[in-house]
*Asks:* 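A single structure is presented below for examination.
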Amino acid sequence: MLGFRVRRQALRHRRAPHRIPSNRHLPTPSMEDYLNDCILKALDAMGGAPDGFFLEFEQPANPDHGDLSCNAAMQLARHFRKSPRMIAEDIVGHLESLPLDASRISAIEVAGPGFLNFRFADAHLSDQLQQIIDAGESFGKTTTGSGKKALVEFVSANPTGPLTVGHGRNAVLGDTIANLLEWTGYDVDREYYFNDAGRQMRVLGESVRGRYMAVVNPDLPTKEIGDEGHKTVVPEPFPEDGYLGDYIEDIARELSQSAGSDLDVDGDVDVFKKAAEKQIFADIEGTLKRLGIHMDSFFNERTLYDSNRVWEIIESFREKDLAYDKDNAVWFRTTQFGKEQDTVLVKSTGEPTYRLPDIGYHADKLDRGYDLCVDVFGADHIATFPDVLDGIRSLGYDADKVDVVIYQFVTLIRGGEPVKMSTRKATYVTLDELMDEVGDDVTRYFFLMRSSNTHLEFDLDLAKEASDKNPVFYLQYAHARICSILRKASETGLDVSGSANLSLLEHPAEQSLIKVMMDLPDAMDRAAASKEPHRISNYLRDVAVAFTQFYGNCRIIGEADELAKARLQLAGAARQILKNGLCVLGIGAPERM
RNA sequence: GCGCUUGUAGCUCAGUUGGAUAGAGCGUUGGAUUCCGGUUCCAAAGGUCGGGGGUUCGAAUCCUCCCAAGCGCGCCA
């Protein structure tokens, strides 16, 4: 049954690509592959499994159930017309007569309704630990995305003001997803998409001009705008729906210093718009840099018009009868894709809505040869991005290459109460202010600790607390503590770097620590495949917990030399795991705190 | 009204893509410990997984119908 194995691989590839064993970079075949082969041999001896059947393995949540578990007997109950437990016993019988490699598997049990539970041999654990140590800072990297190019588009805030807390979640999510893709082998680019030509930007220019006029002429009359209960005094020429943030005034003041007081305030607002854009972008880039984020490219929506791309798309839609004229506008037949209404692509003014350039932009990305395009959007885009996907699909592109990550909004909590924020009233909290208050690492971590599609409650009081109630502190502290142990050990004359007899690590706390550490590559693959960075922060907490338990149970300095050296290696490996994980999250791994 | 998302312990949230007795942190209660780095460890209590029905060996997870919350439903982006 040689073809069986091949078919299984193909099936797994199609149905669950993220479950492909990720540790192919390791020299020996993974435990899963090994057991897979063995069980298939056993099943062949029992008469063979049905077509299309493939084995599934999982790590039991309960350690009493062993290290790896297989549910084949239950799935094959109907096929063999026997009870799952009997099938399981048969498989075990055949496995024992193979026999299994005792240096890898120490025990097999049949448990519960018919699970096959495998327990790893100690030698396997020390072998794994050695591999972690050898791989060092590249442990956790996988080859899942090797040879593929990915583009992560995120932030993409139009340059109308400083980044806010909401943008922060977007920025940190996008950057970390990009990191995850890099760790899993992709060649990744980070891109920022913006539009500096629309109405928003015109209002921005007018807002700056209004402030500028007041700066150069202090006697300019003023007026009040805003909602009842939240009036703001602004210069007379200030637009009714203008931007009220203080930064507008700063830009106006700088403009008056650099360009003098004679700028033409009656003509085009372009001068003011340009000045604002330049300064705001500088501000945004500064904020991103502080978060450790570097964009590879900034994509201006305007280039899609310059290249005529958007009009070509309209023509292509017309040919397919997906676009038509009505009321002087061009409509997209979104009802064809299950929407309630058609949507406008080009307004009666001749100006496209954002949807059209968005389709063009995604087509452009795919033209650039990316195998995967990740978009990070706020929840307010939730209903609109399907139109874009339908659009590019209609143009003949593979929309499955586009993966949209939606995140829900962020609420800041201070003293147990939500902090009220409104962009319009300029009462929002900027990302810089948030980082000033709680620190850069904490900011990144808090944005990453929860699944992106649930509301995030950002507890400022907890974030500022430097105790183990604060999960970031707990992780960084574990790392710093290991560094301290390593320093101290080398002071007392222990050989920190040399090799050690790792088979001395027999304590349960040592073994469970090794088992958790072995999971890093798999955790990376899962987090990358699902675009869920919070899996890594949860994983790291498990590592830190396992380390703390080891630390509480096993002494290092003061033990017999050989054991001390082995434990030092283990501690050093745990430090490396924490460091690699924190690196993916973009958070510092301090050696001292 | 329609669409998407969410609903799990007192609170904030995980839950390995359908697995075994549903987990963690905080909070509460009780106990041990004071050591390589600020303490840490152990235990207890706490749950109709929003509710009903269905699918199967097996459901927090998939399907369906209700209930509730958030977001969106513009020739704004």
Side-chain angles (χ1 to χ4, degrees), chain A residues 15-16 18-19 56-62 64-65 69 71 73-75 77-78 83-84 111-115 117 156-158 160 195 198-200 301 326-331 338-341 343-355 357-358 378-386 406-409 413 416 449-457 459 462 466-471 474 477-478 480-489 491-492 519 522-523 526 529-530 534-535 537-539 541-542 545 548-549 551-559 564 567-568 571 592-593:
Chain A
R15 294 178 51 171
H18 54 283
R19 294 201 61 175
E56 290 173 10
F57 292 94
E58 64 164 13
Q59 288 174 35
N62 183 344
D64 292 343
H65 298 148
S69 153
N71 62 358
M74 277 114 80
Q75 294 186 307
R78 185 169 289 175
S83 82
F115 288 102
N117 292 341
S156 296
N158 286 341
T160 57
N195 168 20
R199 199 191 77 91
Q200 278 183 13
E301 182 185 316
K326 193 181 91 183
D327 303 334
N328 251 336
V330 183
W331 294 73
K339 283 284 173 105
E340 269 202 354
Q341 292 169 1
T343 44
V344 170
L345 288 174
V346 184
K347 301 184 239 176
S348 51
T349 58
E351 244 180 319
T353 63
Y354 75 99
R355 230 170 284 250
D358 244 25
D380 50 346
H381 282 70
I382 203 155
T384 60
F385 77 81
I406 296 284
Y407 64 93
Q408 302 290 329
F409 293 122
I413 304 287
M449 64 197 256
R450 302 290 181 227
S451 160
S452 66
N453 54 15
T454 62
H455 275 262
L456 179 66
E457 297 213 352
D459 188 329
L462 178 60
S467 78
D468 62 357
K469 283 185 201 171
N470 181 338
Y474 185 71
Y477 184 76
R481 181 194 268 166
I482 299 172
C483 291
S484 160
I485 294 169
L486 295 175
R487 277 194 301 272
K488 191 146 193 162
E491 282 165 19
T492 58
D519 281 342
D522 219 41
R526 284 187 222 276
S530 60
H534 75 277
R535 287 167 183 260
S537 45
N538 288 335
Y539 168 77
R541 196 212 44 213
D542 291 345
V545 167
T548 309
Q549 277 167 359
Y551 174 81
N553 282 294
C554 306
R555 290 196 60 84
I556 298 174
I557 296 162
E559 290 290 346
R567 285 182 174 167
L568 268 183
R592 289 189 168 83
M593 290 177 74

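So you know, we letter chains A, B, ... as the sequences are listed, proteins then strands, and number each from 1. Atoms considered below: every heavy atom in the structure, side chains included; atoms not considered: hydrogens, waters and symmetry mates.
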*Asks:* Which nucleotide, in any strand shown, forms a Watson-Crick or G-U wobble pair with B/rU34, with both distances under 3.5 Å?
*Replies:* none
*Asks:* For A/S348, answer base if it contacts any base atom (sugar-phosphate contacts may also be present), sugar-phosphate if it contacts only those atoms, and nothing otherwise; contact means non-hydrogen atoms under 4.0 Å.
*Replies:* base
*Asks:* Closest to the A/S484 side chain: B/rU5, B/rG37, B/rC36?
*Replies:* B/rG37
*Asks:* Which sits closer to the 5' end of RNA chain B, A/L456 or A/K488, going by the nucleotide each is nearest to?
*Replies:* A/L456
*Asks:* Would you kindly check whether a donor in the side chain of A/T349 faces an acceptor in the base of B/rC75, or vice versa, at under 3.5 angstrom?
*Replies:* no
*Asks:* Contact class for A/A523 vs. all strands (heavy atom < 4.0 Å): base, sugar-phosphate, or nothing?
*Replies:* nothing
*Asks:* Using the P atoms only, state how far B/rU5 lies from B/rC63, rounded to an integer number of Å.
*Replies:* 10 Å
*Asks:* Can you check the distance between B/rG46 and B/rG10, where both ends of the measurement are the P atom (answer in whole Å)?
*Replies:* 10 Å
*Asks:* Are A/Q549 and B/rC42 close enough that a side-chain N or O sits under 4.0 Å from OP1 or OP2?
*Replies:* yes
*Asks:* Does A/R450 use its side chain to pair, donor to acceptor, with the backbone of A/H455 at less than 3.5 Å?
*Replies:* no
*Asks:* Contact class for A/A61 vs. all strands (heavy atom < 4.0 Å): base, sugar-phosphate, or nothing?
*Replies:* base
*Asks:* Quickly work out the A/E58 CD to B/rU17 P distance and round it to whole Å.
*Replies:* 7 Å
*Asks:* So, A/H65 and B/rA20: ring centres less than 5.5 Å apart, planes less than 30° off, yes or no?
*Replies:* yes
*Asks:* P atom, B/rA9 versus B/rG47: distance in rounded Å?
*Replies:* 10 Å
*Asks:* Can you tell me if A/D327 uses its side chain to pair, donor with acceptor, with the backbone of A/A329 under 3.5 Å?
*Replies:* no
*Asks:* Taking atom P of B/rC76 as reference, at what distance in whole Å does atom CG of A/D358 sit?
*Replies:* 15 Å
*Asks:* B/rU21 pairs with which nucleotide, Watson-Crick or G-U wobble, both distances below 3.5 Å?
*Replies:* none
*Asks:* Are A/Q59 and A/D522 close enough that a side-chain donor and a side-chain acceptor fall under 3.5 Å?
*Replies:* no
*Asks:* Need the glycosidic conformation of B/rU29: syn if within 90° of 0, anti if not. Which one?
*Replies:* anti
*Asks:* Give me the distance, rounded to whole Å, that separates B/rG25 from B/rC41 when you measure between the C1' atoms they each carry.
*Replies:* 16 Å
*Asks:* When you compare B/rG52 with B/rA14, how far apart are their P atoms, in angstrom units rounded to a whole number?
*Replies:* 24 Å
*Asks:* If only side-chain N and O atoms of A/R450 are considered, is one of them under 4.0 Å from the OP1 or OP2 phosphate oxygen of B/rU12?
*Replies:* no
*Asks:* Write down the partner of B/rA45 under the Watson-Crick or G-U wobble criteria, each distance required to be under 3.5 Å.
*Replies:* none
*Asks:* Ignoring hydrogens and angles, are the base of B/rA14 and the side chain of A/S451 linked by a donor-acceptor pair under 3.5 Å?
*Replies:* no
*Asks:* Rounded to whole Å, please give me the gap between CD1 in A/I406 and P in B/rG70.
*Replies:* 19 Å
*Asks:* Can you tell me if A/F115 is stacked onto the base of B/rA20, using a 5.5 Å centroid cut-off and an angle below 30°?
*Replies:* yes
*Asks:* Can you say whether a donor on the side chain of A/D542 sits under 3.5 Å from an acceptor on the base of B/rA14, or the other way round?
*Replies:* no
*Asks:* Classify A/Y477 by what it touches in the nucleic acid, base, sugar-phosphate, or nothing, heavy-atom distance under 4.0 Å.
*Replies:* base
*Asks:* Looking only at heavy atoms, what is the nearest atom pair of A/A564 and A/I556, with distance?
*Replies:* CB-O, 3.4 Å
*Asks:* Using modelled atom types and a 3.5 Å cut-off, is there a donor and acceptor pairing between side-chain atoms of A/T353 and backbone atoms of A/V344?
*Replies:* yes
*Asks:* According to the Watson-Crick and G-U wobble definitions, with both distances under 3.5 Å, which nucleotide is paired to B/rG58?
*Replies:* none
*Asks:* Is the phosphate of B/rA20, meaning OP1 or OP2, less than 4.0 Å from a side-chain N or O of A/N62?
*Replies:* no
*Asks:* Regarding A/A111, tell me which of base, sugar-phosphate or nothing describes its non-hydrogen contacts under 4.0 Å with the strands shown.
*Replies:* base
*Asks:* Using the C1' atoms only, state how far B/rA77 lies from B/rU56, rounded to an integer number of Å.
*Replies:* 48 Å
*Asks:* How long is the line joining NE2 of A/H381 and P of B/rG3, in whole Å?
*Replies:* 22 Å
*Asks:* So what does A/R355 hit on the nucleic acid, given a heavy-atom distance under 4.0 Å: a base, only sugar-phosphate, or nothing?
*Replies:* nothing
*Asks:* Using the C1' atom in both, what is the distance from B/rG15 to B/rA22, to the nearest Å?
*Replies:* 8 Å
*Asks:* Tell me whether the side-chain N or O atoms of A/R487 pair up with the base of B/rG37 as donor and acceptor below 3.5 Å, since no angle test is needed here.
*Replies:* yes
*Asks:* Taking CG from A/N538 and C1' from B/rG15, how many angstroms apart are they, rounded to a whole number?
*Replies:* 9 Å
*Asks:* Can you check the A/K347 NZ to B/rC75 P distance for me, whole Å?
*Replies:* 10 Å
*Asks:* May I ask whether A/F409 stacks on the base of B/rC71, given the cut-offs of 5.5 Å between ring centres and 30° between planes?
*Replies:* no
*Asks:* Say you pick atom P in B/rA20 and the same atom in B/rC36; how far apart are they, in whole Å?
*Replies:* 42 Å
*Asks:* Which residue lies toward the 5' end of RNA chain B, A/H534 or A/I485, if each is placed at its nearest nucleotide?
*Replies:* A/H534
*Asks:* Mind listing the closest non-hydrogen atom pair of A/Y551 and A/I485 along with its distance?
*Replies:* CE1-CD1, 3.7 Å
*Asks:* Applying the Watson-Crick and G-U wobble criteria at under 3.5 Å, what pairs with B/rC2? Answer none if nothing qualifies.
*Replies:* B/rG72
*Asks:* Using both distances under 3.5 Å as the test, list the Watson-Crick or G-U wobble partner of B/rU16, or none.
*Replies:* none
*Asks:* With a non-hydrogen cut-off below 4.0 angstrom, is A/S69 in contact with a base, only sugar-phosphate, or nothing?
*Replies:* base
*Asks:* Base, sugar-phosphate or nothing for A/N117? Non-hydrogen atoms, less than 4.0 Å.
*Replies:* base
*Asks:* Determine the contact category for A/Q59: base if any of its heavy atoms lies under 4.0 Å from a base atom, sugar-phosphate if only primed atoms, P, OP1 or OP2 are that close, otherwise nothing.
*Replies:* base
*Asks:* Base, sugar-phosphate alone, or nothing: which one does A/D64 contact when heavy atoms must sit under 4.0 Å apart?
*Replies:* nothing
*Asks:* Considering every strand and a 4.0 Å limit on heavy-atom distances, what is the contact class for A/A77: base, sugar-phosphate, or nothing?
*Replies:* nothing
*Asks:* Rounded to whole angstroms, how far apart are NE2 on A/H455 and P on B/rA68?
*Replies:* 18 Å
*Asks:* For a quick test of reading the model, state the closest non-hydrogen atom pair linking A/A73 to A/G114 and the distance between them.
*Replies:* CB-O, 3.5 Å
*Asks:* A/Q408 CD to B/rU5 C1': how many Å, rounded?
*Replies:* 5 Å
*Asks:* Under 3.5 Å, is there any donor-acceptor pair linking the side chain of A/D380 to the base of B/rG72?
*Replies:* no
*Asks:* From B/rU5, B/rC71, B/rA77, pick the nucleotide closest to the side chain of A/A379?
*Replies:* B/rC71
*Asks:* On a heavy-atom basis, which atom in A/I406 and which in A/A379 lie closest, and how many Å separate them?
*Replies:* CG2-CA, 3.9 Å
